[in-house]
Amino acid sequence: MFVSLPSLEPLTDKIEDELEMTTVCHRPEGLEQLEAQTNFTKRELQVLYRGFKNECPSGVVNEETFKQIYAQFFPHGDASMYAHYLFNAFDTAQNGSVKFEDFVMALSILLRGTVHEKLRWTFNLYDINKDGYINKEEMMDIVKAIYDMMGKYTYPVLKEDAPRQHVEMFFQKMDKNKDGVVTLDEFIESCQEDDNIMRSLQLFENVM
C-alpha cells in the first residue's frame, strides 16, 4: 500500500544558505494562543519560532522559498511539484504565503496529533482541488511528484507505469463503493486497516 506522508525534515532542519526575504514582515499571534491551539508547550513554540525566523526573516514563506528549502534535501530528484502540493496544504488561507501560525498548526498535527487528525491532514494534501474527494488524477499527480522527488537513484529500475500501478492498487483498496473517488471516511478506514500506513504515521511521533 502506497500512501506517503509528508517529510518534515526539510522544514525543521537547519538550512545553511540564506533564503530570499519577502518585503512584508509578519509577527505571529501570541504564543499563549498558539499553545492553546497546538500540542506544543510555550518553550517549544519559542524554539520553533526562532528557527522559523532564522530561515524566513520576514515571518512568512512564499512558494518559491519553500521549494528552495525542499530542493536542498532531494539533490538527486526534482522536488518542485511535491513541494508545490505540500505548500498548498500548509497554506490553509490559500493566499500564497505560509505564516508561522500555519506552519506550527500543521506541525502540531503531523508530529503530535491523533491518528485521525494526521490522516485528515494527509487526505487534504492529496485532495488537490479541495472538493472533498480524491480522484485518480489527483492521486496520480501526487504519486508522480513523489517519484520525481526521490529520483532515479532511489528507484533505478522502476518502469514508466509504476506510479499508475500504485494508483490502481490504491483505488482498488480504498474506493469501497467503486464510484471512482475516495472520500475522507473511505481514506481513514482504509489507512487504519493497513499496518504499513499506521507504522509510517507513528514515525512522526519520534521526531521531536
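Being a predicted model, the structure only gives us computed values, none of them experimental. Every heavy atom of this structure was used, including side-chain atoms; hydrogens, water molecules and symmetry mates were not.
Within the model, atoms CZ of Arg164 and CE of Met140 stand 4.5 Å from one another, a figure rounded to the nearest 0.5 Å. With rounding to the nearest 0.5 Å, the separation of NE2 in His166 from OH in Tyr147 is 4.0 Å. Rounding to the nearest 0.5 Å places CG of Asn39 at 9.5 Å from CD of Glu44. Taking NE2 from His116 and CD1 from Ile188, the interatomic distance works out to 3.5 Å, rounded to the nearest 0.5 Å. Atoms CZ and CG, on Arg50 and Asn54 in that order, are 10.5 Å from each other to the nearest 0.5 Å. Separation of atoms OG1 (Thr38) and CD (Glu101) is listed at 11.0 Å; rounding is to 0.5 Å.
Side chain of Lys178 to backbone of Gln172: a donor-acceptor contact under 3.5 angstrom is found. Between the Thr122 side chain and the Lys118 main chain, a donor and an acceptor come within less than 3.5 Å of each other. In this structure, the side chain of Lys130 engages the main chain of Asn124 through a donor-acceptor pair within 3.5 Å. Between the side chain of Glu138 and the backbone N or O of Asn129 there is at least one donor-acceptor pair closer than 3.5 Å.
A pairwise comparison of heavy atoms in Glu35 and Phe40 identifies CG-O, 3.5 Å as the closest pair. The shortest non-hydrogen separation linking Glu186 to Lys176 is OE2-N, 3.2 Å. Of all heavy-atom pairs spanning Val115 and Gln192, the tightest one is CG1-NE2, 3.9 Å. The heavy-atom pair separating Ala83 from Lys67 by the smallest distance is CB-CG, 3.9 Å. Scanning both residues, Asp102 and Ser97, for their nearest heavy atoms gives OD2-O, 3.9 Å. The two atoms that bring Ile128 and Asp141 nearest to each other are CD1-CB, 3.9 Å, heavy atoms only.
Remark: Phe87 pairs with Glu63, Phe66, Asp91, Val98 by the side chain to side chain contact (heavy atoms under 4.5 Å, CB included) rule, at least two apart or across chains. Under the rule for a salt bridge (charged side-chain N to carboxylate O under 4.0 Å, His left out), the partners of Glu168 that lie at least two apart in sequence or sit in another chain are Lys136.
The other members of the hydrophobic cluster of Val181, by chain and number, are Tyr133 (side-chain heavy atoms under 4.5 Å, ILVMFWY only).
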Check the pair Lys173 / Asp194 against side chain to side chain contact (heavy atoms under 4.5 Å, CB included), numbers first and verdict last. CA-CA 10 Å; Lys173 181 178 179 65; Asp194 191 295; 3.6 Å; yes
Is there a side chain to side chain contact (heavy atoms under 4.5 Å, CB included) between Phe90 and Trp121 once you walk through the steps? CA-CA 10 Å; Phe90 273 82; Trp121 198 95; 3.8 Å; yes
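A side chain to side chain contact (heavy atoms under 4.5 Å, CB included) with Val182 is found for one member of Asp127, Asn177, Ile134, Asn135 and no other, namely Ile134.
In this structure, Phe187 and Phe123 have perpendicular ring planes: the angle between them is above 60°, well past the 30° mark. Between Phe100 and Phe103, the ring-plane angle classifies as tilted under the 30° and 60° cut-offs.
The closest side-chain donor-acceptor pair between Ser80 and Asp78 falls under 3.5 angstrom.
Looking at Tyr70 and Leu86, their side chains come closer than 4.5 Å, going by heavy atoms from C-beta outward.
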